[in-house]
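See structure below.
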Amino acid sequence: MKTNRVFLLLGSNEGDRLEILQQACLQLVSRLAIANLCCSAIYETAAWGKEDQAPFLNAALAFDTHHSLEALHQTTQEVEQAFGRERRERWGQRTLDIDILFYGDVVVRKPLLQVPHLGIPDRRFALVPLVEIAADWRHPISGKTMTTLLAECPDPLAVQQTEHRLCEVAIR
């Protein structure tokens, strides 16, 4: 059975952000058959797109899975809902946001599912944790590495590493 390397970005700016990210990671690990788990540090990041809100905690998660992209998307949506995610406004506050950044080198453009995530090149809060865990990963459309994309990123917003790691409970 074919496996694909998956990269997710988790974010939260409502409630106990750290606990939410760590528990969401545990849920993803328990619900998906994954191998080669790699977790970034957790970063505190300024809100992007709608800057008049609380800062986010963001972190990247990478793993190999045999689950289809559609099954992965369904699982991420269910985990978001389990943590009370409400889609009130674009780029608004949220208890949990899980973005599928990459699913191998697959390119999908559907109304509710766009992989690779369209915002990667323009979002420092996604690129910094990606560079930490996969600096040489190449974007399947541009062919650029994550390191190159970060160097070219026009986003000036702050991204500050915390002392915490995503999934630190899951990988003990």
Spacing of [atom1] belonging to [X] relative to [atom2] belonging to [Y], to within rounding of 0.5 Å:
{"X": "L18", "Y": "T162", "atom1": "CG", "atom2": "OG1", "value": "7.0 Å"}
{"X": "L21", "Y": "C39", "atom1": "CG", "atom2": "SG", "value": "11.5 Å"}
{"X": "Q22", "Y": "E19", "atom1": "CD", "atom2": "CD", "value": "6.5 Å"}
{"X": "L28", "Y": "L37", "atom1": "CG", "atom2": "CG", "value": "10.0 Å"}
{"X": "H73", "Y": "H67", "atom1": "NE2", "atom2": "NE2", "value": "15.5 Å"}
{"X": "S12", "Y": "Q23", "atom1": "OG", "atom2": "CD", "value": "12.5 Å"}

With a 4.5 Å heavy-atom cut-off, do [X] and [Y] have their side chains touching?
{"X": "N58", "Y": "L10", "value": "no"}
{"X": "I141", "Y": "P116", "value": "yes"}
{"X": "T3", "Y": "T65", "value": "no"}
{"X": "R165", "Y": "E132", "value": "yes"}
{"X": "I120", "Y": "L101", "value": "yes"}
{"X": "F83", "Y": "Q27", "value": "yes"}
{"X": "D64", "Y": "I34", "value": "no"}
{"X": "L127", "Y": "D122", "value": "no"}

Ignoring hydrogens, what is the shortest heavy-atom contact between [X] and [Y]? Give both atom names and the distance.
{"X": "C38", "Y": "R5", "answer": "CB-NH2, 3.9 Å"}
{"X": "N13", "Y": "A54", "answer": "ND2-O, 3.0 Å"}
{"X": "R138", "Y": "M146", "answer": "C-CE, 4.3 Å"}
{"X": "C25", "Y": "L61", "answer": "SG-CD1, 4.2 Å"}
{"X": "A59", "Y": "A41", "answer": "CB-O, 3.5 Å"}
{"X": "E70", "Y": "K110", "answer": "OE2-NZ, 3.6 Å"}

task = Kindly indicate, with the supporting measurements, whether the criterion side-chain contact (heavy atoms from CB on, under 4.5 Å) is fulfilled by V128 and Y43.
result = CA-CA 9 Å; V128 170; Y43 295 83; 3.5 Å; yes
query = So V107 and V115, side-chain contact (heavy atoms from CB on, under 4.5 Å) or not? Walk me through it.
reply = CA-CA 5 Å; V107 177; V115 177; over 6 Å; no
Whether [X] side chain and [Y] backbone form a donor-acceptor pair below 3.5 Å:
{"X": "D99", "Y": "L9", "answer": "no"}
{"X": "S40", "Y": "A60", "answer": "yes"}
{"X": "D105", "Y": "P140", "answer": "no"}
{"X": "T75", "Y": "A71", "answer": "yes"}
{"X": "T45", "Y": "F125", "answer": "no"}
{"X": "R123", "Y": "D155", "answer": "no"}

Criterion side-chain contact (heavy atoms from CB on, under 4.5 Å) on L157 and R124, from CA distance to verdict = CA-CA 7 Å; L157 297 176; R124 185 170 303 284; over 6 Å; no
query = Can you tell which of V29, N4, V6 makes a side chain to side chain contact (heavy atoms under 4.5 Å, CB included) with F63?
reply =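 Among the candidates, only V6 passes.
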key: Positive for side chain to side chain contact (heavy atoms under 4.5 Å, CB included) with R17, one of L96, I42, T95, L57   =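 Only match with R17 under side chain to side chain contact (heavy atoms under 4.5 Å, CB included): L57.
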key: is_close_aromatic(H139, F102), centroid dist under 6.0 Å   =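 Between F102 and H139, which both carry aromatic rings, the centre distance is below 6.0 Å.
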inquiry  = Apply side-chain contact (heavy atoms from CB on, under 4.5 Å) to residues I100 and H117 and explain how you reach the verdict.
reply    = CA-CA 7 Å; I100 301 171; H117 193 286; over 6 Å; no
ask   = Is L113 linked to Y103 within one hydrophobic cluster, defined over Ile, Leu, Val, Met, Phe, Trp and Tyr using a side-chain heavy-atom separation of less than 4.5 Å?
value =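 Same hydrophobic cluster.
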